[in-house]
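Residue numbers run from 1 in the order of the sequence given. FYI, side chains are in, hydrogens and waters are out, and symmetry mates aren't considered; it's all heavy atoms of this structure. The shown structure was predicted, so the numbers you read here are calculated from the model rather than taken from an experiment.
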Amino acid sequence: MSIVQAKYKTGVYIGEVVEMRESEQRGLIKVLAVLKHPTQGDLHNPKQTEGVFFHQRKALAEFEKTWVPLATIKPYEGNVPSYSDSLRSALEEKIDELTHKQSEFSYQSLKHLQELKDEYGL
């Protein structure tokens with residue numbers, strides 16, 4: 001099987017292709033590493049905190065299988081980092097990005113990300 005980069009909702013992952021369903025325009029990938037941690041909050045109302053349910057969004061777990069749109073699947077070249085190292089790096093990058101922004105969205109996101117950091121054991 002081939003190693004790919006794929007988007008799932010607001011996260012980006014390195015994974016192994018398990019199955020392709022061209023007729024359904026989707027592929028099943030097994031997660032090997034995290035490139036971009038999912039964005040916190042309501043996917044239908046991005047960067048809003050009032051009048052919405054502000055979701056905590058976890059990264060997909062190591063070896064978790066998920067269907068992704070074929071359009072988001074791209075070949076991945078290079079070394080695949082360990083899941084734990086990639087999760088730590090992606091989470092720290094997201095925290096750094098939000099730390100420099102002064103908004104209610106950033107505050108709420110950072111609160112959820114810190115909880116996830118503890119839950120992940122990082």
Has Asp118 got more than 12 heavy atoms of other residues, nucleotides or ligands less than 6.0 Å from its CG?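 Yes.
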
Distance, nearest 0.5 Å, that separates [atom1] of [X] from [atom2] of [Y]:
X	Y	atom1	atom2	answer
Leu98	Ser103	CG	OG	7.5 Å
Thr72	Gln25	OG1	CD	11.0 Å
Ile73	Tyr13	CD1	OH	14.5 Å

How close do [X] and [Y] get, heavy atom to heavy atom, and via which atoms?
X	Y	result
Gly27	Leu70	N-CD2, 3.8 Å
Tyr120	His37	OH-NE2, 3.0 Å
Ala33	Pro81	CB-O, 3.8 Å
Pro69	Lys7	CD-O, 4.2 Å

Per-pair distances, 0.1 Å, donor-acceptor, side chain in residues 58-68, under 3.5 Å, sequence neighbours excluded:
{"residue": "Lys58", "atom": "NZ", "partner": "Glu119", "partner atom": "OE2", "Å": "2.5"}
{"residue": "Glu64", "atom": "OE1", "partner": "Ala61", "partner atom": "N", "Å": "2.8"}

Using a 4.5 Å cut-off on heavy atoms from C-beta on, say whether the side chain of [Y] contacts that of [X].
X	Y	answer
Ile3	Ile14	yes
Val4	Lys74	no
Val18	Ile29	no

Cluster check Leu122, Leu116: I/L/V/M/F/W/Y, side chain < 4.5 angstrom: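 Linked within one cluster.
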
Does either side chain, that of Gln56 or that of Glu115, offer a donor lying less than 3.5 Å from an acceptor on the other one?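 Yes - a donor-acceptor pair under 3.5 Å links their side chains.
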
Polar side-chain atom of Gln40 near backbone of Pro38 as donor-acceptor pair, under 3.5 Å: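 Yes: the side chain of Gln40 pairs with the backbone of Pro38.
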
Pair up each side-chain donor or acceptor in residues 88-96 with any protein partner under 3.5 Å, not counting sequence neighbours, and list the distances.
{"residue": "Arg88", "atom": "NH1", "partner": "Asp85", "partner atom": "OD1", "Å": "3.4"}
{"residue": "Lys94", "atom": "NZ", "partner": "Thr39", "partner atom": "OG1", "Å": "3.3"}

Does any pair with a residue in residues 24-36 pass salt bridge (charged side-chain N to carboxylate O under 4.0 Å, His left out), and if so which ones, sequence neighbours excluded?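 Counting only pairs at least two positions apart or across chains, the salt bridge (charged side-chain N to carboxylate O under 4.0 Å, His left out) contacts touching residues 24-36 are Glu16-Lys30, Arg21-Glu24, Glu24-Arg26.
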
Check the pair Thr99 / Leu110 against side chain to side chain contact (heavy atoms under 4.5 Å, CB included), numbers first and verdict last. CA-CA 8 Å; Thr99 300; Leu110 286 167; 4.0 Å; yes

Side chain to side chain donor-acceptor pair (under 3.5 Å), that's the test. Do Ser106 and Ser109 meet it? Break it down for me. CA-CA 5 Å; Ser106 296; Ser109 294; over 6 Å; no

